[in-house]
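When a ligand or atom number is given, it counts from 1 through the structure's own listing order. Positions are given from 1 along the sequence.
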Amino acid sequence: MDKQGFTTGIVHGDRITGTEHGGVRQSIHTSVQYGFERVEDLIGVFQGTKKGGFNYARQGTPTTAALERKITSLEQGVGSICFSTGMAAITATFLTLLRAGDHLVSSKFVFGNTNSIFGTLRGLGIEVTTVDACDADNVKNAIKPTTRMVFVETVANPGTQVPDLQRIGEICAERGIVYFVDNTITSPALFRPKAVGASLVINSLTKTIAGHGAALGGAVTDTGLFDWSAYPNIADEYRRAPSKEQGLTQIRKKGLRDMGGALSSEQAHSIAMGAETLALRVQKSSDNALALARFLEKHEAVGRVFYPGLESHPQYAIAQRLFKGASWLLAFELRNADRMIDVVNALQLPIKATGLGDTRTLIIPVAPTIFFEAGAETRKAMGISDGMLRLSAGIEDTEDLIADFDQALKLAVA
Ligand SMILES: *Cc1c(COP(=O)(O)O)cnc(C)c1O
């Protein structure tokens with residue numbers, strides 16, 4: 001698939017790797033248990049000597065395995081594990097690879113629930129330092145002998161900060177630290193974290209990859225770049241696997257099997273269907289986001305606009321160099337925050353809802369909703385003002401979106 005184009009690979013992948021009856025898509029396998037003619041095969045699946053077998057759906061089904069192959073191929077990795085949600089994938093990875101006394105360095109601009117998980121990790125004795133990762137020196141200076149992992153998001157939600165992804169990758173490689181990158185906002189259609197040295201990549205499949213807002217899912221992918229044989233926290237029983245497989249083996253056994261956040265076959269199928277149009281959708285929604293960002297930036301009622309595709313964005317050059325497009329995520333501030341409720345209510349097309357990476361444009365005021373629980377202090381530290389609105393651009397016709405914002409923003413002109 002690597003030699004083919006991105007979308008060709010997605011739409012023909014299932015058929016080429018094999019389906020029953022020549023189906024062009026993977027079937028939905030609903031069995032929880034898998035039976036065998038010979039008990040030796042059952043034993044082989046349990047012991048991992050019979051490759052590709054299934055025994056109990058919490059550890060995977062043929063349908064989730066097909067989606068895992070698809071994600072691996074999209075990220076050009078060596079393997080992936082699907083979970084019931086993006087948070088399940090992130091949490092299982094942290095909890096299975098980090099131990100009490102270990103140190104994690106993270107960008108301070110991360111998804112709200114990921115930030116909340118850091119509190120849980122601290123309670124378990126894992127030290128977490130958050131830094132402004134837009135400057136790689138901040139990451140470098142935070143590293144200590146106990147640092148095992150660096151975590152960043154490609155484009156931060158909602159402020160759209162882009163870390164110095166390449167430099168951070170070099171720093172992690174020099175020191176043998178796991179580089180864990182959340183690619184949810186960009187998706188492999190716009191960026192492959194492997195290109196900057198990521199060890200592990202997480203995607204919330206709920207967002208860009210499914211695109212329809214009708215299924216939850218997450219995946220962690222091993223890029224094959226990290227040498228797990230040198231990583232101290234791999235349990236002895238997983239050291240028997242080749243170095244490249246040790247990290248994912250531990251995440252699959254200790255994270256997926258034991259913690260139980262398994263993706264269902266029905267959801268996996270729904271995500272795989274959505275993924276077929278990934279590149280087409282992301283292109284259109286990125287075009288819409290750029291058009292809206294340019295429109296908003298010039299509008300007298302609008303203050304700051306946060307979008308990495310604008311020349312005014314502090315990481316514009318990095319986004320241009322690394323990403324095929326600046327994604328569908330943007331945020332902006334009204335000059336007069338008091339007009340926010342009226343403006344949002346006047347919008348006809350954007351759905352007033354949380355969620356990201358949907359075919360429909362979604363809008364949400366950030367401070368009173370997704371960052372409400374975080375509190376005023378955290379919001380201030382993250383640069384989230386009371387009047388900030390987050391927009392997830394959909395695939396609607398551009399002129400319709402601009403016309404709608406044009407009429408709604410009239411309410412905010414003094
Ligand atoms: C939504 C999101 C997640 C979590 O994904 P879920 O599937 O909702 O659990 C993680 N990271 C980022 C950047 C997200 O936007």
Which heavy atom of the protein is the closest neighbour of atom 4 (C) of ligand 1, given with residue, atom name and distance? F111 CE2, 3.5 Å

Taking the six-membered ring for Trp, are F118 and F94 parallel (under 30°), tilted (30 to 60°) or perpendicular (over 60°)? tilted

What part of N113, side chain, backbone, both or neither, has a heavy atom within less than 4.0 angstrom of ligand 1? neither

Specify whether F151 and F180 have parallel, tilted or perpendicular ring planes, treating 30° as the upper limit for parallel and 60° as the lower limit for perpendicular. perpendicular

Any side-chain donor-acceptor pair under 3.5 Å between N288 and T398? yes

Selection from D182, V110, T206 by shortest heavy-atom distance to atom 13 (C) of ligand 1: D182

Atoms in ligand 1 with a heavy atom of G217 nearer than 4.0 Å: 7 (O)

What is the closest protein heavy atom to atom 15 (O) of ligand 1, and at what distance does it sit? K207 NZ, 2.8 Å

If you measure every N or O of M87 against every N or O of ligand 1, does any of those distances drop under 3.5 Å? yes

Can you name the atoms of ligand 1, numbered from 1 with element, that are less than 4.0 Å from a heavy atom of L356? 15 (O)

Protein contact to atom 5 (O) of ligand 1 [nearest heavy atom, distance to 0.1 Å]: S204 OG, 3.0 Å

Does the side chain of H103 come under 3.5 Å of the side chain of T147 through a donor N or O and an acceptor N or O? yes

Could you check R339 against D342 for salt bridge (charged side-chain N to carboxylate O under 4.0 Å, His left out), going step by step and ending with a plain yes or no? CA-CA 6 Å; R339 304 301 295 150; D342 289 341; 2.9 Å; yes

Do the non-hydrogen side-chain atoms of E170 and R175 ever get within less than 4.5 Å of each other? no

